[in-house]
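Values below: every heavy atom of this structure, side chains too, minus hydrogens, waters and symmetry copies. First the proteins, then the strands, lettered A, B, ... as listed; each starts at 1. Quick caveat, the model's predicted, so the values are computed rather than measured.
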Amino acid sequence: MSESENIRYDFTTAEPRWQAAWEAAACFRAADMPEAGRDKYYVLEMFPYPSGKIHMGHVRNYTLGDVVARYKRARGFEVMHPMGWDAFGLPAENAARARKIDPATWTYQNISAMRGELKRMGLSLDWSREFATCDPEYYGQQQKIFLDFWAAGLVERRMSAVNWDPVDNTVLANEQVIDGRGWLSGAPVERRMLAQWFLRITDYAQDLLDGLESLPRWPGRVKLMQENWIGRSEGAEVRFPLAAPLDDIAEVAVYTTRPETLFGMSFLAVAPEHGVARAVAARNPQAAAFIAACAAQGTSEAVIETAEKQGFDTGLRVTNPLNGESYPVWIGNFVLMDYGTGAVFGCPCGDQRDYDFAVKYNLPIPVVVLPEGGVAVTDRAYDGAGTLVNSGFLDGLGTKAGKAAAIARLVALGAGQARQTWRLRDWGISRQRYWGCPIPVIHCAACGAVPAVDLPVILPKDVRFDQPGNPLDHHPTWKHVACPRCGQAATRETDTFDTFIDSSWYFARFCAPEAPTPTLAAAVNHWLPVDQYVGGIEHAILHLLYARFFTRAMRKTGHLGLDEPFAGLFTQGMVTHESYKDEDGNWLYPEEVTRLEDGSAVDAQGRPVSVGRVEKMSKSKRNAVDPGVIIDRFGADTARWFVLSDNPPERDVEWTETGILGANRFVMRLYRIAVGIAAVPVDGPGDISGQARDLRRLTHRTIAAVTEALESFSFNVAVARIHELTGALTGSGAPEAGMAAARHEAMGVIARLVAPMMPHIAEEIFALISPGQGLVAQAAWPVAEPELLVVDEVTIGVQINGKLRGTIKVPAKGEAQANTAIAKAAVAGALGGQSIVKEIYVPDRIVNFVVKP
RNA sequence: GCGGGCGUGGUGGAACUGGUAGACGCGCCGGACUCAAAAUCCGGUUCUGGUGACAGAGUGUCGGUUCGAUUCCGACCGCCCGCACCA
């Protein structure tokens, strides 16, 4: 022991040494084209934005993926595990403005720094496939894809009310508006009309919904979130003739999920942007003023929270096709133009919004649904099922039957039909930004919008950020070109793509990153789909839905041959850390805070500090821990082991100092034990029994358990099992026959079992235990010997009335009768004189005596 | 409001298709080594009562199904997440 006390694993030299060895052996290089005889496995983690430094979320994300990649490699799969950079986006422009540095330079410097940090983590990445989305070689291919989509009818340019971020001066997708505010700027979003490019994702709404069923290896909640986001709704379209045509408008179409309540109609309401509203406004200044007021209220959170139903009576009347009655037409601030038809029929008894509106404007509230066996609800809307009343031919029907009957009548009258509506909208992809992929379009006065032919359309480098708005718009020459169709002077589109496009097909590009076409059929057919995708739950909707859509659209345009890009998805939890605030409410860094024995905390001056909730690490809360510092202090293996250790990976993990110290302690201990074992000469396998046999059994049970844990992403359980086996190897071991060999075998197994998780020390141990056998990174996964997994003695619980009263040790697969007798003897005292009513015997598990007092 | 998830020791969490609850780690307690400390090693650690073998209770609460429930069913409480003026 005294000797090994001085042994210290020096990760500072070992880790770079093994990283160099892997690189020299090209361990992680995958071929574009199929290699015969091996199954492929494509492991991908969501690629990072090159902010300049990796954070703990990256460490967790890439460690999880790396465990899978290394494990699958050991299992004999041909693994592709690439890495790249999601490099376009706002921060580069912000840096350009703040520091007068070119966005490209800033981005590539960051990439270089982060590549170095990722390499220090010892990830088994195929760096030969690396690219950044801001490389012209990548985004030029993306422009080709866009033009193909356009030719295939998947692209549209149209005027649209857009979410305008007044701080960032750009258009935001609905998904980028959070609580009425820009997702990056936090500014209240305004509504504006602009000509925008759209991708027709709604063409695939049904398909994207149906496709979720083909994804058994996706988390249920992600599928549910996508399902809700797509939001299929069943109902009917109903056309209401206007009493007198307005301009050329003769009727108003309404979408409803409750056609059976048409007899409960009280009014019809249209959105402020609806054609009817505009036509009315053209001749009625008061209506125009009302509409303007609605637009001004925007979509800000405060407004929506407090928004009161407001309306304007147009004086127009429509006829309800089912009962022939006449109803007023209102403009309502609560009616959404881009859902359904932008018009609703108001049924106050069945919809709370309509109820509120009717009460406010003193409109009638006819009751048409009686709750099951109940009385009419009149003090609020009742939207449950029930029996229809006051509804003419629908009287007496249930709401469900009534719906079918109402639709049938509407069809017969030619006044409507069944219809589905989707919550999903088309994807607005235009951004008034410099640092993005230029939209390859030229606007010609004579020819309109025509595809650019000079691909790639490359971003100009000489741009100025000293004025607001899009620098491409201000550039003196870049946008002025000849029309590719007629040759006349024309201008380039100066908008760039939403950066979500960049990440919608990168997984396909990784298959052949240098191909002269966006994809290479042989490569994508071989490698896709991604077998295991790993990333944050925050991308559950946007990124994953867009990538699924892109895959379908790329199939339609001949770039891909499948529908679903990601066969398996794993969503990891966040890395959290305590946060600290001083008396004045300023966030403090952990190193500025001292914890006292009573659990309270003080700052450097001894003033009290409030310890905040455990929150996601972020710069602003000053609770971020820099992975670079951790790797300096403890090494990459310790950092990797820690993020895998305690929590199931789908849950949030709290960063703690004691946790990282514990992980480090294990690394050091493992090494000490390995050195001790390697120093003892191995006696022949011989005839082993007793302790040695027990150890071998544990070793092989551990192989089985760790294998199962890795397959099911229970990395924390794998860690526990490895701890257990390691624990059995402490001490120098008894000089029993075969013990040295058994210990040697166990440590060799540990080297291979920890290799996916702590690859460096695994190599170190493997070299000690199995000298001359090459790299553990290229070694096969250990296989448990079946005969050592066979249990020949089991401990069976003995219960009386389901309560544990004792245990017995018996040979496995024993006779029920014999074991029951042994059990009975074991709990004879507790049984007393009670009569046994029933005996339950579950082989190798339990005996239960049901007794009567 | 709608949809979904989760509640297990001081703590992070284990527990196969219902079958010995608390694996493993952290923390804590005790011991060894040391002049001492750190490091390391050994032992203990769900709670209550008892010196003790042992007894009782125990997986958010209440009830149900079952020989037996952390696991299945119902109601409730609490926390978390997604969506939301979606007709």
Open item on the list: Checking A:Gln226 now: which residues fulfil side-chain hydrogen bond (donor to acceptor under 3.5 Å, both in side chains) with it, not counting sequence neighbours?
Closed with: A:Arg548

Task: Side chain A:Arg721 and base B:rA23 donor-acceptor under 3.5 Å - done: yes

Taking only side-chain nitrogens and oxygens of [X], does any of them come within less than 4.0 Å of OP1 or OP2 of [N]?
X: A:Thr730; N: B:rC42; answer: yes
X: A:Tyr255; N: B:rA87; answer: no
X: A:Arg665; N: B:rG27; answer: yes

Find every protein N or O atom lying less than 3.5 Å from an N or O atom of nucleotides 57-63 of chain B, and list the pairs.
unit_1: B:rA57; atom_1: OP2; unit_2: A:Lys803; atom_2: NZ; d: 3.0

For nucleotides 16-20 of chain B, which of its nitrogen or oxygen atoms have a protein nitrogen or oxygen under 3.5 Å away, and what is each distance?
unit_1: B:rC16; atom_1: O2; unit_2: A:Arg845; atom_2: NH2; d: 3.2
unit_1: B:rC16; atom_1: N3; unit_2: A:Arg845; atom_2: NH1; d: 3.3
unit_1: B:rC16; atom_1: N3; unit_2: A:Arg845; atom_2: NH2; d: 2.5
unit_1: B:rC16; atom_1: N4; unit_2: A:Arg845; atom_2: NH1; d: 3.0
unit_1: B:rG19; atom_1: N2; unit_2: A:Gln799; atom_2: OE1; d: 3.3
unit_1: B:rU20; atom_1: O4; unit_2: A:Thr795; atom_2: O; d: 2.7

Close aromatic pair by centroid cut-off 6.0 Å: [X] and [Y]:
X: A:Phe642; Y: A:Trp655; value: yes
X: A:Phe312; Y: A:Trp330; value: no
X: A:Phe267; Y: A:Phe345; value: no

- [ ] Flag the pair A:Glu654 and A:Arg60 as a salt bridge only when some basic side-chain nitrogen lies within less than 4.0 angstrom of an acidic carboxylate oxygen.
- [x] no

Task: Contact list for RNA chain B against residues 643-651 of chain A - heavy-atom distance below 4.0 Å - done: A:Asp646, A:Asn647, A:Pro648, A:Arg651

Task: Toward the 5' end of RNA chain B, by each residue's nearest nucleotide, A:Arg669 or A:Lys838 - done: A:Arg669

Open item on the list: For A:Glu724 and A:Asn228, find the nucleotide of RNA chain B closest to each by heavy atoms; which residue's nucleotide sits nearer the 5' end?
Closed with: A:Asn228

Between [N] and [M], how far apart are the two [atom1] atoms, rounded to whole Å?
N: B:rG82; M: B:rC86; atom1: C1'; result: 16 Å
N: B:rG68; M: B:rG18; atom1: P; result: 16 Å
N: B:rG64; M: B:rA69; atom1: P; result: 12 Å
N: B:rG1; M: B:rU65; atom1: C1'; result: 34 Å
N: B:rG19; M: B:rG52; atom1: P; result: 33 Å
N: B:rA36; M: B:rU46; atom1: C1'; result: 37 Å
N: B:rG10; M: B:rC47; atom1: C1'; result: 12 Å
N: B:rA75; M: B:rC29; atom1: P; result: 46 Å

Measure from the side chain of [X], starting at C-beta and using heavy atoms only, and say which of [options] lies closest.
X: A:Asn333; options: B:rC83, B:rC85, B:rC67; answer: B:rC85
X: A:Asn716; options: B:rG13, B:rA87, B:rC83; answer: B:rG13
X: A:Ala720; options: B:rC83, B:rA87, B:rC24; answer: B:rC24
X: A:Thr256; options: B:rA87, B:rC67, B:rG82; answer: B:rA87
X: A:His723; options: B:rG25, B:rA87, B:rC26; answer: B:rG25

TODO: Using ring-ring contact (aromatic ring centres under 6.0 Å, His included) as the criterion, list what pairs up with A:Tyr327, not counting sequence neighbours.
DONE: none

Task: Non-neighbouring partners of A:His539 that pass ring-ring contact (aromatic ring centres under 6.0 Å, His included), sequence neighbours left out - done: A:His543

With a 3.5 Å cut-off and sequence neighbours excluded, list the donor-acceptor pairs that the side chains of residues 711-727 of chain A form with protein atoms.
unit_1: A:Glu711; atom_1: OE2; unit_2: A:Tyr71; atom_2: OH; d: 2.6
unit_1: A:Ser712; atom_1: OG; unit_2: A:Glu708; atom_2: O; d: 3.2
unit_1: A:Ser712; atom_1: OG; unit_2: A:Ala709; atom_2: O; d: 3.3
unit_1: A:Ser712; atom_1: OG; unit_2: A:Ser714; atom_2: OG; d: 3.1
unit_1: A:Arg721; atom_1: NE; unit_2: A:Glu724; atom_2: OE1; d: 2.9
unit_1: A:Thr726; atom_1: OG1; unit_2: A:Ile722; atom_2: O; d: 2.7

- [ ] Nearest 0.5 Å please: distance from the CG atom of A:Asn320 over to the CZ atom of A:Phe240.
- [x] 5.0 Å

TODO: Tell me, please, which residues at least two apart from A:Lys809 pass side-chain contact (heavy atoms from CB on, under 4.5 Å).
DONE: A:Glu793, A:Thr795

TODO: Identify whether any heavy atom of A:Val850 sits under 4.0 Å from a base atom; if not, whether one sits that close to sugar-phosphate; answer base, sugar-phosphate or nothing.
DONE: sugar-phosphate

TODO: Identify whether any heavy atom of A:Val719 sits under 4.0 Å from a base atom; if not, whether one sits that close to sugar-phosphate; answer base, sugar-phosphate or nothing.
DONE: nothing

TODO: For the pair A:Thr202 (side chain) and A:Ala205 (backbone), establish whether a donor and an acceptor sit closer than 3.5 Å, ignoring hydrogens and angles.
DONE: no

Open item on the list: Checking the side chain of A:Arg239 only, and the main-chain atoms of A:Ala253 only, is there a donor and an acceptor separated by less than 3.5 Å?
Closed with: no

Task: Pairing annotation in dot-bracket form, given for RNA chain B with Watson-Crick or G-U pairs under 3.5 Å and | for cross-strand partners - done: (((((((..(((......[....)))((((((.......))))))((((....))))..(((((..]....))))))))))))....

Task: A:Asp652 and A:Thr576: side chain donor to acceptor below 3.5 Å - done: no

Open item on the list: I need the single residue from A:Val270, A:Val238, A:Val329 that forms a side chain to side chain contact (heavy atoms under 4.5 Å, CB included) with A:Val252. Which is it?
Closed with: A:Val270

Task: Residue of the set A:Arg353, A:Lys360, A:Gln352 for which side chain to side chain donor-acceptor pair (under 3.5 Å) holds with A:Asp356 - done: A:Gln352

Open item on the list: Applying salt bridge (charged side-chain N to carboxylate O under 4.0 Å, His left out) as the test, list every pair that has at least one member in residues 221-232 of chain A; sequence neighbours left out.
Closed with: A:Arg232-A:Glu234

Open item on the list: Could you check B:rG25 for me: syn (within 90° of 0) or anti?
Closed with: anti

For residues 838-848 of chain A, dump all side-chain donor-acceptor pairs below 3.5 Å to protein atoms at least two apart in sequence or in another chain.
unit_1: A:Glu839; atom_1: OE2; unit_2: A:Lys824; atom_2: NZ; d: 2.9
unit_1: A:Tyr841; atom_1: OH; unit_2: A:Asn819; atom_2: ND2; d: 2.8
unit_1: A:Asp844; atom_1: OD1; unit_2: A:Lys813; atom_2: N; d: 3.0
unit_1: A:Asn848; atom_1: OD1; unit_2: A:Asn801; atom_2: N; d: 3.3
unit_1: A:Asn848; atom_1: OD1; unit_2: A:Gly802; atom_2: N; d: 3.0

Open item on the list: Output one letter per nucleotide in nucleotides 43-49 of chain B: B when a protein non-hydrogen atom lies under 4.0 Å from the base, S when only the sugar-phosphate is that close, - when neither is.
Closed with: -------

